[in-house]
Amino acid sequence: MNLLLDTFEFGLHTQLHFGVGRVKQLPEVIDKYNYKKVFICTDEGIKNSGGLELIEKSLMTAGINYEVFTGVEPDPTLRVIKKVEALFQESNCDAIIGLGGGSSIDTAKGVSIAVANPGDINDYEGKNQVPNRGPDIIAIPTTAGTGSEITHATVLKDEERRYKMGILSEHLHPRAAILDPELLTTLPKGLASITGMDALSHAVESYTSNQAHPITEALGLYAIELIGKWLRPFVADRTNIEAASNMMLASTIAGAAFIWGRVAAVHALSHPLGGRYKIAHGMANSMLLPVVMEYNLSSNFGKFKRIALALGEEVDGLNERHAAQKAVKSVKELVADLEIPTNLINLNVNLSEEEIQLVAQEAFDSGIATANPRQVTVKDLETMVQVIK
Ligand SMILES: [Fe+2]
């Protein structure tokens, strides 16, 4: 970016409350905003892990009224949003708490849109299409992660169309987020791995995107460094509170980076793979990230060299091209160390040529890949899917 010629925008809208044990201070956050009654959106996993009980106890002790919905599903669907919207309307609540991974927070965001806006939620797909701000959202993430606790995005699945759509709106920034690393300690190993790779994808894609600017670059690069250092120890032992704290931080920082820096070809492709074939978001991203990085290398060897350095690679004595290639090697090794499958066939998903074309076309049409630092055609996207098929 040429600071003499270019302009950029940046702002954050979510009050963050970070720290071990901070979730117990939820009543203080609720008091601050004068909510009369809160609606908690979460899933059975969080209920079984004891996370929900912890929160309910603190609300009861403080005498705060609340309702709970524990039916959040992975990849929230429009059907579930409709159901929760009806429950919310009956509940007389005035704020929604998304407690859980990206699915719980994205459900809370979807409900907030549905409550305050007429018609079908499909109408609001895309950027800045939501006219009215709905009830406030408080995010309490239990994965590290999607970054949804700080972003203005929700990704919802339209089952009829087998389509994952993104809604981006300034009304979707959570009012507050409680980032308590203790909530990560019960995360299953597989989820810790793939959600961590999702965070890395946000950091790498926003750092290298053609929309990157000095602030998003600073955030993205620091998130890459944190993830490079802490994702392995976190996955190895989720009760390692130092590793959990650093991953929680990295995930939110990467989220802040991609609000403005955007994501690119990795996310463009992982949405149709999720919508059509139920590939978990972080899983698809793990497979695609090294492939897309390799494709993008020539757009800016210098940036990929800095990624390699942030990931702890030795680049002394290498020219920029070879140093940049180390970034791809490093991500491949990380995926291998985390024992994440590298091909769809490992998940028993066998795509035909026609299906690959459909995925590529849908990825292209979403417009997400327009932020990719090296331009992509439908054919380029097809080639990327061929590598991971
Ligand atoms: Fe993501």
Side-chain angles (χ1 to χ4, degrees), residues 74-76 98 100-110 127 139 141-157 163-168 172-174 177 187 190-209 211-212 216 219-220 223-224 226-227 231 247-293 296 331 334-335 338 340 359 362-363 366-372 384 388:
D75 294 336
S103 298
S104 290
I105 300 171
D106 281 5
T107 298
K109 289 178 175 179
K127 199 173 172 190
T142 61
T143 63
T146 62
S148 189
E149 65 275 9
I150 197 169
T151 70
H152 59 328
T154 181
V155 179
L156 303 172
K157 187 170 169 183
Y163 179 72
K164 266 184 155 179
M165 66 168 168
I167 301 177
L168 295 102
L172 293 182
H173 289 285
L187 197 60
L191 260 182
S193 302
I194 61 173
T195 50
M197 288 303 296
D198 184 25
L200 182 61
S201 305
H202 299 152
V204 170
E205 291 218 277
S206 62
Y207 177 65
T208 55
S209 122
Q211 300 298 304
T216 64
L219 294 167
I224 293 168
L226 287 174
I227 296 165
L231 181 53
M247 281 307 299
M248 180 70 96
L249 190 60
S251 157
T252 303
I253 292 174
F258 92 80
I259 294 171
W260 294 101
R262 290 182 49 188
V263 286
V266 173
H267 277 75
L269 284 166
S270 69
H271 287 178
L273 288 171
R276 291 176 173 274
Y277 307 106
K278 298 194 164 98
I279 314 293
H281 180 66
M283 176 76 75
N285 287 352
S286 302
M287 292 179 182
L288 289 160
L289 182 59
V291 179
V292 173
M293 284 173 73
N296 286 338
V331 171
L334 179 58
V335 171
L338 299 176
I340 300 172
V359 166
E362 201 177 302
S366 74
I368 298 173
T370 53
N372 208 61
M384 292 169 189
I388 63 156

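We count ligands from 1, going down the list as the structure has it; atoms in each ligand are counted the same way.
Each of Ile105, Thr107, Ile167 was evaluated against Thr154; a single residue qualifies, Ile167, per the side chain to side chain contact (heavy atoms under 4.5 Å, CB included) test.
The distance from the CG atom of Asp198 to the OG atom of Ser193 is 12.5 Å, given to the nearest 0.5 Å.
Excluding waters, the set of protein N/O/S atoms under 2.8 Å from the Fe ion (ligand 1) reads Asp198 OD1, His202 NE2, His267 NE2, His281 NE2.
Asp106 pairs by the side chain to side chain donor-acceptor pair (under 3.5 Å) definition with Ser148, not counting sequence neighbours. Looking at residues two or more places apart in sequence or on another chain, you find a side-chain contact (heavy atoms from CB on, under 4.5 Å) between Arg276 and Arg162, Leu358, Val359, Glu362. Scored by the side chain to side chain donor-acceptor pair (under 3.5 Å) test, Thr208 finds no partners at all (sequence neighbours excluded).
There is a side-chain donor-acceptor pair under 3.5 Å between Lys109 and Thr151.
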